[in-house]
Amino acid sequence: MPVRGLLSLFALCLCALFIGPYRALASGRRSVGLNPGPATAPTPAEGICAAAAVHGYGCQEFDVTTEDGYILSLQRIPEGRTGGTTAKLKTKQPVLLQHGVLVDGLTWLLNPPEQSLALILADSGFDVWIANTRGTRFSSRHLTLNPKKPEFWDWTWDDLVAYELPAVINFVFKQTGQKIDYVGHSQGTLTALASFSEGKQVDKVKAAALLSPIAYLSHMTTALGSAAAKTFVGEMTRVFGLAEFNPNGKPVSDLLKALCIQPGVDCYDLLTEITGKNCCLNSSTVDLFLKNEPQPTATKNMVHLAQTVRRGILSKYDYGNVNSNLKHYGQARPPVYNLTNIPRDLPLFLSYGGRDALSDVKDVETLLDSLKLHDPDKLGVRYIRNYAHADFIMGVTAKDIVYNQVVAFFKSHQ
């Protein structure tokens, strides 16, 4: 892998490594009812529904099994704090929230109700569903595979497009009997765009809001690139030897410790150096985030993201040689996801920030160029000059600057 690809992969890895000293607690799941508890942060053992119940929201737990055997945790917040009748619930618009890489669905619930997108949507009359990607603490099961074995981690975001997104969307569609609205952040935008470009799920999606879209990554840069180039190009093969990429594990932690001794590297502010200078984070929310994240992903998935950075195109996973690609795809190079094939009448809302080091402005402009023939009445774009990557999910000003626009966009296309 060329140096640039290695640095790009390492930058993606470090998005979670700034919380290396904070170990995630033991995983677990349970359903939680409407009775609100004390206003304290839920532990992972209490789960995502606990985070909703703390504020007085009802929440339901579901399991969704993908075609390739992964058992995913899915949460539903069917109504806001004012409640509603069963008859009204049947007519509520369902909306699915999909998180990014190295986190899980709890990230939508870290702020108070008036600042958390999931709860804002519920209070705005939506039937809210929260997805959790395979490998994260609430979706670490499989029909036959053991998460402690490499086979469990043999996947990339291609598999999220092919198996996971269809399973979750189909489940919500069947439960509600309605086409859904979709909200994705970071990797959650990537899988949606790739799926839409292949004509998948578009018959079950009414509209989509894409926050910090990362379809293209070729302009992603970090202040840590120089130190990484000098220190870790040789050692990166140690990470590649692991099927599971666990930011809390020793091999990855060792890489971070070595990087932290490099001159000029600020290990106390890696969030800013990697995601960009977030303008609007509350320190208590960041503390809660640090207690609950990061989550594991597949090393193969990280490599695939690095391939996206290096090549400047959006394509399926490259197996590294012609024979393997021929075996998987019937051609020497991986097929490309052609985003110009996204149906022009599919309502899309995109929001991106001027300080985002991952969803760089130039890369989003490339994405928008792919959508230049989109129906202008079906395309909404909001650029926020002082926002970075984490502001879109944890920013205290996001309700006024982003979320109200998301709600309005969805309601205008119902």
Side-chain angles (χ1 to χ4, degrees), residues 15 93 95-101 103 105 107-111 114-121 124 126 128 130-131 180-196 205-217 219-220 275-281 285 314 339 342 346-372 374-414:
C15 294
Q93 174 61 37
V95 56
L96 174 65
L97 275 59
Q98 179 60 64
H99 61 80
V101 67
V103 296
T107 57
W108 299 109
L109 295 165
L110 294 177
N111 274 330
E114 62 276 8
Q115 297 174 358
S116 294
L117 179 57
L119 303 181
I120 290 169
L121 286 166
S124 299
F126 289 83
V128 179
I130 300 175
I180 73 165
D181 287 331
Y182 177 93
V183 179
H185 177 254
S186 197
Q187 182 180 261
T189 69
L190 173 65
T191 54
L193 289 165
S195 180
F196 298 159
V205 173
K206 184 173 290 186
L210 309 176
L211 310 179
S212 297
I214 60 165
Y216 299 99
L217 289 166
H219 290 92
M220 184 188 73
T275 67
K277 188 176 182 179
N278 297 282
C279 71
C280 307
L281 303 186
T285 300
L314 198 62
L339 299 188
I342 295 175
L346 176 65
L348 297 176
F349 175 87
L350 285 74
S351 188
Y352 63 108
R355 295 180 177 177
D356 197 329
L358 298 175
S359 179
D360 185 85
V361 170
K362 292 181 180 179
D363 288 325
V364 177
E365 289 173 349
T366 301
L367 169 60
L368 291 174
D369 187 62
S370 299
L371 301 172
K372 62 186 177 182
H374 212 79
D375 184 341
D377 294 330
K378 305 286 186 177
L379 182 63
V381 179
R382 182 155 181 78
Y383 170 70
I384 306 168
R385 180 183 56 81
N386 64 334
Y387 258 37
H389 209 67
D391 286 315
F392 285 93
I393 52 171
M394 296 189 292
V396 297
T397 62
K399 179 180 187 294
D400 293 330
I401 296 177
V402 185
Y403 301 161
N404 286 345
Q405 284 70 29
V406 170
V407 171
F409 184 82
F410 284 160
K411 289 190 173 182
S412 70
H413 293 285
Q414 287 185 5

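Remember, it's a predicted structure, so these values are computed and weren't measured experimentally.
- If you take CG on L368 and CG on L379, they are separated by 7.0 Å, rounding to the nearest 0.5 Å.
- Minimum heavy-atom separation, M394 to L110: SD-CD1, 3.8 Å.
- Remark: the backbone N or O of D356 is not paired with any side-chain donor or acceptor of S359 at under 3.5 angstrom.
- Atom CD1 in I401 sits 6.0 Å away from atom CG in N386 (nearest 0.5 Å).
- Between the CG atom in D181 and the NE2 atom in H413 there is a gap of 9.5 Å [rounded to 0.5 Å].
- For the residue pair L314 and A215, the shortest heavy atom distance occurs at CD1-O, 3.1 Å.
- Classification of the H185-H389 ring pair by plane angle, with boundaries at 30° and 60°, yields tilted.
- Residues Y182 and V95 have side chains not in contact (no heavy-atom distance under 4.5 Å, counting atoms from C-beta outward).
- No side-chain heavy atom of V381 sits less than 4.5 Å from a side-chain heavy atom of L348.
- Within the model, atoms CG of L193 and CG of L367 stand 5.5 Å from one another, a figure rounded to the nearest 0.5 Å.
- Separating the CG atom in D375 from the CG atom in L346 is a distance of 10.5 Å, to the nearest 0.5 Å.
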Checklist entry - Step by step, would you call D360 with D363 a side-chain contact (heavy atoms from CB on, under 4.5 Å)? => result CA-CA 5 Å; D360 185 85; D363 288 325; 3.8 Å; yes
Item to check | L117 vs V183, side-chain contact (heavy atoms from CB on, under 4.5 Å): CA-CA, chis, key distance, verdict | outcome: CA-CA 10 Å; L117 179 57; V183 179; 3.8 Å; yes
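- Annotation: ring-ring contact (aromatic ring centres under 6.0 Å, His included) contacts involving residues 351-370, sequence neighbours excluded, comprise Y352-Y383.
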Next on the checklist: Is there a side-chain contact (heavy atoms from CB on, under 4.5 Å) between T189 and I214? Walk through the geometry before answering.
Outcome noted: CA-CA 7 Å; T189 69; I214 60 165; 4.0 Å; yes
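- Counting only distance, with no hydrogens or angles, the side chain of S370 and the backbone of L339 share no donor-acceptor pair below 3.5 Å.
- Between N278 atom CG and F392 atom CZ the span is 9.5 Å, to the nearest 0.5 Å.
- Residues Q93 and K206 have side chains that bring a donor and an acceptor to within less than 3.5 angstrom of each other.
- Side-chain atoms of Y403 never come within 3.5 Å of backbone atoms of L121 as a donor-acceptor pair (strictly under, hydrogens ignored).
- By the 4.5 Å heavy-atom criterion applied to side chains, F126 and F410 are counted as neighbours.
- Proximity of N404 to K399: side-chain heavy atoms (C-beta onward) are separated by under 4.5 Å at one or more points.
- Scanning both residues, A208 and F409, for their nearest heavy atoms gives O-CE2, 4.2 Å.
- The closest side-chain heavy-atom distance from V364 to V361 is not below 4.5 Å.
- Nearest heavy-atom pair, S186 versus G100, reported as atom, atom and distance to 0.1 Å: CB-CA, 4.1 Å.
- Across A209 and V406, no two heavy atoms sit closer than the pair CB-CG1, 3.9 Å.
- With a 4.5 Å cut-off on side-chain heavy atoms, Y387 and R355 do not count as touching.
- Residue L350 comes nearest to P213 through the heavy atom pair CD2-CG, 4.3 Å, listed as atom of the first residue, atom of the second, then distance.
- Side-chain atoms of K411 come within 3.5 Å of backbone atoms of S124 as a donor-acceptor pair (strictly under, hydrogens ignored).
- Residues Y216 and D369 form no side-chain contact, since every pair of their non-hydrogen atoms from C-beta on lies 4.5 Å or further apart.
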Checklist entry - For S351 and I384, what are the C-alpha separation, side-chain angles and deciding distance, and is it a side-chain contact (heavy atoms from CB on, under 4.5 Å)? => result CA-CA 7 Å; S351 188; I384 306 168; 3.7 Å; yes
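- Residues V128 and L97 are in side-chain contact: their nearest non-hydrogen atoms beyond the backbone lie under 4.5 Å apart.
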